Amino acid sequence: MVLSELRNYIQLNRRVPLIDLANRFNTDPNALRGMLQKWIDKGRIRKISGETGCSTGCCKCDPATLEFYEWLE
C-alpha cells in the first residue's frame, strides 16, 4: 500500500474508523498510524478519537474502533 491509496480511500469516505482502514488494507493499526501521521502533518486529515466507547464503562472496546480519521479538503 502506498500513501496515495490511503489518501484516496479517506477522501472517498470522508470519515473512516482506523479499524476499517486496517481491514481494508490488511495492515496493523499501529503501522497505519505512522502513515496517517504523514497526512496529518501536511494538514490534509485530522484524527478524531472517541472518548467513551460503547457507554457501558466496561473498557473492552478496541481503541481502533473509536479512532477516526477525517479528510479536511
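From a predicted model like this one, the values you see are computed outputs, not experimental measurements.
Remark: R15 pairs with E70 by the side chain to side chain donor-acceptor pair (under 3.5 Å) rule, at least two apart or across chains. Take R24 and apply the side chain to side chain contact (heavy atoms under 4.5 Å, CB included) test, not counting sequence neighbours, and it matches Y9. For D28, the side chain to side chain contact (heavy atoms under 4.5 Å, CB included) test picks out N30, A31, with sequence neighbours left out. Residues passing the side chain to side chain donor-acceptor pair (under 3.5 Å) test with N26, sequence neighbours excluded: none. Under the side chain to side chain contact (heavy atoms under 4.5 Å, CB included) criterion, K47 pairs with I40, S49, E67, Y69, not counting sequence neighbours.
Atom CG of residue L66 and atom CD1 of residue I19 lie 10.0 Å apart, to the nearest 0.5 angstrom. A distance of 12.0 Å separates CZ in R7 from CG in L12, rounded to the nearest 0.5 Å. Note: L6 CG to L36 CG = 5.0 Å, rounded to the nearest 0.5 Å.
Paired with L21 under the rule side-chain contact (heavy atoms from CB on, under 4.5 Å), one option of T27, N13, I10 passes, and it is I10. Just one of K42, R46, R44 meets the side-chain contact (heavy atoms from CB on, under 4.5 Å) condition when paired with L72; it is R46.
Between the side chain of D20 and the backbone N or O of V16, no donor-acceptor pair lies under 3.5 Å.
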